[in-house]
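Within every chain, numbering begins at 1; the chains are lettered A, B, ... in the order of the sequence lines, protein sequences first and strands thereafter. Below, each value reflects all heavy atoms present in this structure, side chains not excepted, and no hydrogens, waters or symmetry copies.
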Amino acid sequence: QKEVEQNSGPLSVPEGAIASLNCTYSDRGSQSFFWYRQYSGKSPELIMSIYSNGDKEDGRFTAQLNKASQYVSLLIRDSQPSDSATYLCAVTGGTSYGKLTFGQGTILTVHP
Amino acid sequence: NAGVTQTPKFQVLKTGQSMTLQCAQDMNHNSMYWYRQDPGMGLRLIYYSASEGTTDKGEVPNGYNVSRLNKREFSLRLESAAPSQTSVYFCASRDRGLLRETQYFGPGTRLLVL
């Protein structure tokens, strides 16, 4: 059983819409949660991190964490074509020395 | 600051050949990691080094060895390459602050094993 699951894509949204990306994880000891963006042929880049239940906003991005449901999500408001990329959810445990466990990624396409 | 650098960028090997992937970071981070990325599978951890002088296995260590040469450098070695090791390899280092942590990734090495 995969430890981190992301909703299957690809996800296509029109420019200006809200894109919603979801992720579930199986390890209840997970403590840190991350969203990475990866453009085609490039390396992952951290866009959001969240450590406690609730919402965290940064510009057009909002991360939501619900540890009871073992669920983390990323909302992208006012989506732009430049947001088209693969979004990777990743988690670490409390004593994992920062070892990231990634989901398989969701491809997002924002069309004009 | 170059961040995390990797060499080579691309490599073609024949089955059974060996090679070493090099990684260096100039951010004075203690922890470094090697991941591989295959289509549709996200990234998987091969080995990591929590601090200089220590290394440990990740999720998929078979067929690989690592060396933490010093605080800056962390290399990954394939002793006898197999087609199943065709992948994109990413090195990362971790910045751990009081309230947050961030892993910075290198540009990747694309490896093709024939």
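- For chain B, the nearby part of A:Gln38 is the side chain; its heavy atoms alone come within less than 4.5 Å.
- Here the CG atom belonging to B:Leu45 is positioned 9.0 Å from the CZ atom belonging to A:Phe102, to the nearest 0.5 angstrom.
- When the side chains of ILVMFWY residues are joined at heavy-atom separations under 4.5 Å, either directly or via intervening members, A:Leu108 and A:Phe61 end up in a single hydrophobic cluster.
- Within 6.0 Å of CD1 in A:Ile107 there are 12 or fewer heavy atoms belonging to other residues, nucleotides or ligands.
- A:Leu65 and A:Ile47 fall within the same hydrophobic cluster, where Ile, Leu, Val, Met, Phe, Trp and Tyr residues are linked whenever their side-chain heavy atoms come under 4.5 Å apart, directly or through other members.
- Linking Ile, Leu, Val, Met, Phe, Trp and Tyr residues whenever their side-chain heavy atoms come within less than 4.5 Å places A:Trp35 and A:Val13 in a single cluster.
- Residues of residues 106-114 of chain B lying within less than 4.5 angstrom of chain A, judged on heavy atoms, are B:Gly106, B:Pro107, B:Arg110 in numerical order.
- Both the backbone and the side chain of B:Arg100 come within contact range of chain A, each with at least one heavy atom under 4.5 Å from a heavy atom of that chain.
- Residue contact with chain A, scored on non-hydrogen atoms closer than 4.5 Å, is absent for B:Tyr104.
- Heavy atoms closer than 4.5 Å to chain A are found in both the backbone and the side chain of B:Phe105.
- Looking at B:Gln103, the atoms closer than 4.5 Å to chain A (heavy atoms on both sides) sit in the backbone and in the side chain alike.
- The hydrophobic clustering, which links ILVMFWY residues whose side-chain heavy atoms are closer than 4.5 Å, places A:Val91 and A:Leu21 together.
- Hydrophobic clustering keeps B:Leu13 apart from B:Val88 (ILVMFWY residues linked when any side-chain heavy atoms are closer than 4.5 Å, directly or through intermediates).
- To the nearest 0.5 Å, atom CG of residue A:Leu100 and atom CG of residue B:Leu43 are 9.0 Å apart.
- Considering all non-hydrogen atoms of both residues, B:Tyr35 and A:Gly98 come closest at OH-O, 4.3 Å.
- Open room surrounds NZ on B:Lys57; 12 or fewer heavy atoms of other groups in view lie less than 6.0 Å from it.
- The minimum heavy-atom distance between B:Glu101 and A:Ser32, with the atom names listed, is OE2-OG, 3.9 Å.
- Heavy-atom minimum distance, A:Lys42 versus B:Phe90: O-CZ, 3.8 Å.
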